[in-house]
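Reviewing the structure listed below.
Numbering of ligands and ligand atoms starts at 1, following listing order.
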Amino acid sequence: MVLADLTAGAVDDAERRAVLRPLAEVEKAALARPAAQDALAALAPASRVKIIAEVKRASPSRGALAEIPDPAHQASLYETGGASAISVLTEERRFGGSLADLEAVTERVSLPVLRKDFIATPYQVLEARAAGADLALLIVAGLERRTLEELHALVLELGMTPLVETHTADELETAIDLGASLIGVNARNLSTFELDRDLFGRLVDRIPAGTVKVAESAVLAPADVAHYRAAGADVVLIGEALVTGDPVATLQSFLAAGDERSTS
Ligand SMILES: O=P(O)(O)OC[C@@H](O)[C@@H](O)c1c[nH]c2ccccc12
């Protein structure tokens, strides 16, 4: 199973980092940071769709996407283009990211920043905060229930916002049980890499009012943003289209597409 491999690899890499930088040290750095931003407020439902713009060099399903020699510059273009938050892929093996990318981005932009990785240990959550992240991704499919609960609690304890990612009705139920305030539905199955752009629309009615709803992946054109917005997305998370095209112009056209009233 691919998701299990990705998670095992990410945990392995974190264990290697922990040899050089023990947990107590990272914890100290995490607690010394100024408070995390209120990402939930930044992503709250509004008259306009909001975008989490992702810094992403590659992916196992799409291969190499963009070099991104200066991730902080890329993120600052996202800020200029009207993004509401930034996502930084820190997984090294298949996505070509790093914690250094995350740190560079949090130093440069004033928007809330998400650590996008296969987080499965408290160490990785502490690393996220120590690097200045305001949000941390937790993928329901990749985690045992107890671990998910522990990590969710730790993210909150550190003042960050968990983005709880789901891909099935069962996973969504788990996210809701957890009390997640920010729930994502990923159109991409992380084990088969198949895409289902209509999944968000099929699951959205199960998400309780008061939860911020994020549609993740598969936005390549303005019409895809309009599609997710019409289905009820408060926020859309976009990577590939922003790293392969002009980030500012693309964001502006995507935000405008979200304004269009659906006729169906
Ligand atoms: O590049 P896209 O199709 O716009 O997708 C962005 C984002 O949703 C995707 O990178 C993603 C969603 N969930 C993840 C979990 C791990 C790694 C990556 C992801």
Region of R62 engaging ligand 1 - heavy atom pairs below 4.0 Å: neither
Nearest-0.5 Å distance, CD1 of residue I68 to CG of residue D101: 8.0 Å
Proximal candidate to atom 6 (C) of ligand 1 [heavy atom criterion; set E91, E54, R188]: E54
Ligand 1 atoms in contact with E240 (distance to a heavy atom under 4.0 Å): 1 (O), 2 (P), 4 (O)
Subset of ligand 1 atoms that lie under 4.0 Å from at least one heavy atom of K56: 1 (O), 2 (P), 5 (O), 6 (C), 9 (C), 10 (O)
Closest approach of any protein heavy atom to atom 12 (C) of ligand 1, naming residue and atom: K116 NZ, 3.1 Å
Ligand 1 atoms in contact with N186 (distance to a heavy atom under 4.0 Å): 12 (C), 13 (N), 14 (C)
Parallel, tilted or perpendicular: rings of F95 and F118 (30°, 60°): tilted
Atoms of ligand 1, numbered as shown, that sit under 4.0 Å from any heavy atom of G239: 1 (O), 2 (P), 4 (O), 6 (C)
Ion pair R16/D12, N-O distance below 4.0 Å: yes
Region of E165 engaging ligand 1 - heavy atom pairs below 4.0 Å: side chain
Heavy-atom pair of closest approach, residues A131 and L102: CB-CD2, 3.6 Å
A218 to ligand 1, any heavy atom closer than 4.0 Å: yes
Numbering as shown, the atoms of ligand 1 that approach L237 to under 4.0 Å (heavy-atom distance): 6 (C), 7 (C), 8 (O)
Sequence neighbours excluded, every pair satisfying side chain to side chain donor-acceptor pair (under 3.5 Å) that has a member inside residues 110-121: E54-K116, E79-S110, T90-R115, T90-D117, R115-D117, R115-E127, T121-Q124
For atom 16 (C) of ligand 1, the protein heavy atom that lies nearest, with its residue and separation: F118 CZ, 3.4 Å
Rounded distance (nearest 0.5 Å) linking atom CD1 of I238 with atom OG1 of T250: 9.0 Å
Contact atoms of ligand 1, heavy-atom distance to S217 under 4.0 Å: 2 (P), 3 (O), 5 (O), 7 (C), 8 (O), 9 (C), 11 (C), 12 (C)
Polar contact flag for I139 and ligand 1 (N/O pairs, less than 3.5 Å): no
Atoms of ligand 1, numbered as shown, that sit under 4.0 Å from any heavy atom of I238: 4 (O)
Flag if over 12 foreign heavy atoms under 6.0 Å of CZ, R206: no
Candidates L143, V140, T211, V155 - the one meeting side-chain contact (heavy atoms from CB on, under 4.5 Å) with V164: V140
D177 and T174 side chains, donor-acceptor separation under 3.5 Å: no
Heavy atoms of other groups near R146 CZ, more than 12 under 6.0 Å: no
Closest protein heavy atom (residue, atom, distance) for atom 17 (C) of ligand 1: F95 CZ, 3.5 Å
